[in-house]
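Reviewing the structure listed below.
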Amino acid sequence: MKITLNGEPRDVTGRNLADLLEELGQGEARVATAVNEQFVPAGRRATTVLSPGDRVEIVAPRQGG
Amino acid sequence: MLVVLLMAGALWGIGAAMGTPRNLRWGMIGLLYLAVVLAHLVLPAGHPIRMATGEDASGWLILAGFVVLVMIYRWGLGLIRARAREAEPAAAEQPSGAFTETELERYARHIVLRELGGPGQRKLKDARVLVIGAGGLGAPALQYLAAAGVGSIGVIDDDVVENANLQRQVIHRDDDIGMAKVFSAQAAMEAQNPAIQVRPYNRRLDEGIAGALIADHDVILDGTDNTETRYLVNRACVAAGKPLVSGALSQWEGQLSVFHPAAGAPCYQCIFPQAAAPGIAPSCAEAGVLGPLPGVVGAMMAVETVKLITGAGKALTGEMLIYDALWGETRKIALKRRADCPVCGQG
């Protein structure tokens, strides 16, 4: 399934957001996620089903100032 | 009579050609005048000199009368002008808060903006803004807030200026290496705009002072370089109900949002419930950062602050803007509050 991940096209297999994070090796990472520009809290990742063409944003909190 | 006027003209012209001072030239003409009047008084009627200079003294005395009138008029005018000049400094000490002529001129480009205008500039002058961290993000934010005429700017940081800071922290200069960042920043801001008040706090923000310090300001800008302080600032802002303009960055990417649960927007901890594991969010020293990147994000933080203070447009509440400098891309995501947020929700 082709999605856009952080602005770049990617081919992924994960069916929902939680699976996608696992696939990307970020299952345990403390990141924020958004699908189609809408924030998805960690508790709703497993129930957020992905569709082809979705724009997924994985936001690692930046720490520098 | 014509002869005397020609002589006076010659005196003036020759004097001017020789660079004689004006007063001296007037003095020479005065002497010429006195000589003519004296000639009329001492020489008998009909004398060739009297015949050549207007037959009697009456015309010359009337001329003198005119000159005296003009001089009195000029003296009076000078007196009035001097009084007006004395009154000016008093006018500068207007009731506190009123704009001086200099300020009106300086902020003219703001005042012509429909969304700001005089009332907006007035709000900026009355505002109290706190900037946490005088580093990469704090540097441009502080400079622009000072230049924009934010009346009172607090800045807290416990660092000193280091050589490795100067690649991006443009408020500090080479000569400032070794100086406390807050004092270096204060000097730069006061040099930029003497009409504002800067309050430097040369210490680390901790639990003990965060509450009182944040409650004492209208808008808080967070440009710190560590997660701990970010969570602390967020908690204190939520507790005090203050909007938090939060900027963060590393390498080529910057993030910007306004956290403000009191206005229905999420807080920092709604979005990032837990501090990132080490390595996921490395600091600038570990991961590197592009020099102009904090310039972009810090200036945007100043923009959001001006909007929050003046009510212009819509601030980035409930949204996060991500700037990817490497590809020149900006992306925005809509943020939502979490009901189970331990800071601003029911926990």
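Chain A is the first sequence line, chain B the second, and so forth, proteins listed ahead of strands; every chain is numbered from 1.
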For the pair [X] (side chain) and [Y] (backbone), establish whether a donor and an acceptor sit closer than 3.5 Å, ignoring hydrogens and angles.
{"X": "A:Arg30", "Y": "B:Gln274", "value": "no"}
{"X": "A:Gln38", "Y": "B:Lys336", "value": "no"}
{"X": "A:Arg62", "Y": "B:Ser250", "value": "yes"}

What option among B:Arg168, B:Arg338, B:Arg230, B:Gln169 has the most heavy-atom pairs under 4.5 Å with chain A?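 Heavy-atom pair counts peak at B:Arg230.
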More than 12 heavy atoms of other residues, nucleotides or ligands under 6.0 Å from NZ of B:Lys314: yes or no?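 Yes - once you tally the heavy atoms of other residues, nucleotides and ligands closer than 6.0 Å, there are more than 12.
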| Residues, nucleotides or ligands: over 12 heavy atoms within 6.0 Å of B:Glu228 CD |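 At most 12 heavy atoms, drawn from other residues, nucleotides or ligands, come within 6.0 Å of this atom.
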* Any ion pair linking B:Arg331 and A:Glu57 (charged N to carboxylate O, less than 4.0 Å)? ->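 Looking at A:Glu57 and B:Arg331, the cut-off is met.
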In terms of heavy-atom proximity below 4.5 Å to chain A, should B:Leu293 be classed as side chain, backbone, both, or neither?
->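 Neither part.
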Subject >> Heavy-atom pair of closest approach, residues B:Ile333 and A:Ala34 >> reply: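 Heavy atoms of B:Ile333 and A:Ala34 come nearest at CG2-CB, 3.7 Å.
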Next on the checklist: Using heavy-atom distances under 4.5 Å, tell me whether A:Asn6 contacts chain B through its side chain, its backbone, both, or neither.
Outcome noted: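 Contact with chain B involves both backbone and side-chain atoms of A:Asn6.
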| query | If contact means a heavy atom pair closer than 4.5 Å, which residues of residues 129-143 of chain B contact chain A? | reply |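 Those residues of residues 129-143 of chain B which have a heavy atom under 4.5 Å from chain A are B:Gly135, B:Gly136, B:Leu137.
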TODO: Supply the atom-to-atom distance A:Gln63 CD to B:Thr224 OG1, rounded to the nearest 0.5 angstrom.
DONE: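 The OG1 atom of B:Thr224 is 8.5 Å from CD of A:Gln63, to the nearest 0.5 Å.
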What's the separation between atom CE in B:Met320 and atom CD in A:Glu37, rounded to the nearest 0.5 Å?
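Taking CE in B:Met320 and CD in A:Glu37, the distance rounds to 14.0 Å.
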**Prompt:** Within a strict 4.5 Å, meaning less than it, do heavy atoms of the A:Pro61 and B:Tyr268 side chains meet?
**Reply:**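 Yes, at least one pair of side-chain atoms sits under 4.5 Å.
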**Request:** Run the numbers on B:Phe272 and A:Val59 for side chain to side chain contact (heavy atoms under 4.5 Å, CB included), then give the verdict.
**Result:** CA-CA 9 Å; B:Phe272 300 116; A:Val59 186; 3.9 Å; yes
